[in-house]
2 protein chains.
Amino acid sequence: MTDYAIVCICILSSKANKFVNAQEISIESGISLSTVQKILKLIVSKSDLIIALRGANGGYKLTKKASEISIIDIIEMMDGPLSITACVDGNHEKCGSRKKCFLEGNWNKINLMIRNTLHSYSIADLMCSDPMSFLYNNKSSEDEFNIMELR
Amino acid sequence: MTDYAIVCICILSSKANKFVNAQEISIESGISLSTVQKILKLIVSKSDLIIALRGANGGYKLTKKASEISIIDIIEMMDGPLSITACVDGNHEKCGSRKKCFLEGNWNKINLMIRNTLHSYSIADLMCSDPMSFLYNNKSSEDEFNIMELR
DNA sequence: TTAAAGAGTACTAAAAAAGTACTATATAAT
DNA sequence: ATTATATAGTACTTTTTTAGTACTCTTTAA
């Protein structure tokens, strides 16, 4: 579902400033119409990333540029807060072996790093076919570091 | 399940060089005996991380030190290769909108970074209660960088 | 020889995810 | 105003995945 959401957003971003309806997105993406419809209305209701226009010639439109939408935004919008294990962050109550859990806050660190990674990638990065192009884009130095790590 | 696996491995590492049976681990962890049994035999069959001894006084023992077991090893042993989306790496056939998929190899980069993060953490790091202690441990410079990123 | 412990497999149940269908609401064009 | 078109919202069904359980077989130490 999150995959689909990202694909839909990519398509919308490739036709920015224009309302694109669910059927067009379905055809472009190969995702079934009903699924596209479901995902788009979900995104609209859960975020301000997309605005919708009803009625004839209606459709969906992104409110931000592709470079301003980070992967983590979409993932967390679809799946809720990122957490690898049950007892990350606020979820400590659900950890059955609470007192015995000596892992404590260490998961949080790992989690934070992964969030960081996902945060540093935008939809624009995903759509870009030149794997190195974001080296010379206007990205923060934090992001540049991550690129070094890729090797 | 992967959570459980990590907890079991942590317990084993706290009693290294000694065979610990499933029941002990169940009691220590709070995880039900049958689940502990299931996980441990799974780990034995899928990796060489743990060796088992049958019969009286039998049990399980780690083959490596906690600092030598990375989180990614356990996660990928339990869940298979890490991939956020369906069309990462070898999975390109399963991506329905293959030709239309303009995301191509970009997911792989993100994936690689996340693997990298998880690779840089060991069971020892997880068990360590001092959040900064791995700064002065014998870890690679690559890992040190990751710590910086945490702030 | 016996009791204890893991190995392997098959089955069941529960939870999550995905997909579908239907009704309501809004909008543009006529 | 009316109609056609498009999204909003919700409820339901199906499928898939995950988790948990039970049983039989094999190994090992006392």
Side-chain angles (χ1 to χ4, degrees), chain A residues 1-9 11-12 15 18-27 29-63 75 77-80 83-86 94-97, chain B residues 1-9 11-12 15 18-27 29-63 75 77-80 83-86 94-97:
Chain A
M1 281 287 129
T2 307
D3 283 20
Y4 291 163
I6 290 175
V7 172
C8 290
I9 288 169
I11 290 174
L12 283 176
K15 302 176 189 290
K18 170 185 154 190
F19 282 93
V20 184
N21 69 33
Q23 191 161 35
E24 275 184 74
I25 295 172
S26 166
I27 292 165
S29 64
I31 304 165
S32 80
L33 178 59
S34 52
T35 301
V36 169
Q37 288 172 327
K38 183 180 183 176
I39 283 165
L40 287 168
K41 54 193 174 189
L42 219 161
I43 299 174
V44 168
S45 75
K46 284 202 170 183
S47 78
D48 56 354
L49 212 65
I50 291 178
I51 52 168
L53 182 65
R54 299 185 186 188
N57 305 322
Y60 298 92
K61 195 168 79 173
L62 286 181
T63 59
I75 293 177
M77 167 185 71
M78 296 296 289
D79 302 329
S83 60
I84 339 179
T85 63
K94 288 181 183 170
C95 173
S97 48
Chain B
M1 284 290 129
T2 307
D3 284 20
Y4 292 162
I6 289 174
V7 171
C8 290
I9 288 170
I11 289 174
L12 284 176
K15 302 175 190 289
K18 172 187 153 190
F19 282 94
V20 183
N21 70 32
Q23 192 162 33
E24 277 184 73
I25 295 171
S26 167
I27 291 165
S29 64
I31 303 165
S32 82
L33 178 60
S34 52
T35 301
V36 168
Q37 287 173 328
K38 182 179 183 176
I39 283 164
L40 286 169
K41 55 193 174 190
L42 218 159
I43 298 175
V44 168
S45 76
K46 285 200 169 186
S47 78
D48 56 355
L49 213 64
I50 292 179
I51 52 167
L53 182 66
R54 299 185 187 188
N57 305 321
Y60 299 92
K61 196 169 78 172
L62 287 181
T63 59
I75 292 177
M77 166 186 68
M78 297 296 290
D79 301 329
S83 61
I84 339 181
T85 63
K94 289 183 181 168
C95 173
S97 47

Please tabulate, for side-chain N and O atoms in residues 36-45 of chain A, each donor-acceptor pair with protein atoms closer than 3.5 Å (sequence neighbours left out).
from, atom 1, to, atom 2, distance (Å)
A:Ser45, OG, A:Lys41, O, 3.4
A:Ser45, OG, A:Leu42, O, 2.9

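For the pair A:Asp79/A:Met1, no side-chain contact is recorded, criterion being any heavy-atom separation below 4.5 Å from C-beta on.
Separating the CZ atom of B:Phe19 from the C1' atom of D:dA29 is a distance of 13 Å, rounded to the nearest angstrom. Rounded to whole Å, atom C1' of D:dA6 lies 14 Å from atom CD1 of A:Ile27. Distance CD (A:Gln37) to C1' (C:dT23): 14 Å, rounded to an integer number of Å. For the pair B:Leu33 CG and D:dA19 C1', the computed distance is 15 Å after rounding to whole Å. Atoms NZ (B:Lys61) and C1' (C:dA5) sit 16 Å apart, rounded to a whole Å. Rounded to a whole Å, the NZ atom of B:Lys46 is 13 Å from the P atom of C:dT9. For B:Asp79 and D:dT17, the CG to C1' distance is 12 Å, given to the nearest whole Å. Across the protein-nucleic acid pair, B:Tyr60 atom OH and D:dT27 atom P stand 15 Å apart, rounded to whole Å.
Within the model, atoms CD1 of B:Ile9 and CG of B:Leu49 stand 5.0 Å from one another, a figure rounded to the nearest 0.5 Å. In this structure, CD1 in A:Ile25 is found 6.5 Å from CD1 in A:Ile11, a value given to the nearest 0.5 Å. Here CZ of A:Arg54 is found 15.0 Å from CG of A:Asn21. Values are rounded to the nearest 0.5 Å.
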Sub-3.5 Å pairs of nitrogen or oxygen atoms, protein against nucleotides 18-22 of chain C:
from, atom 1, to, atom 2, distance (Å)
C:dG19, N7, A:Lys38, NZ, 2.4
C:dG19, O6, A:Lys38, NZ, 3.4
C:dT20, OP2, A:Ser34, OG, 3.2

Protein-to-nucleotide contact annotation, 5' to 3' order, nucleotides 24-30 of chain C [B base; S sugar-phosphate only; - none; under 4.0 Å, heavy atom]: -BBBSS-

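Applying the side chain to side chain contact (heavy atoms under 4.5 Å, CB included) test between B:Met78 and each of B:Ile6, B:Asp3, B:Thr2 identifies B:Thr2 as the sole match.
Closest of all the heavy-atom pairs between B:Gly59 and B:Phe19 is O-CD2, 3.3 Å. In terms of heavy atoms, A:Ile51 sits closest to A:Thr63 at CG2-CG2, 3.6 Å.
Side-chain N or O atoms of B:Ser26 include none that pairs as donor or acceptor with a backbone N or O of B:Ala22 at under 3.5 Å.
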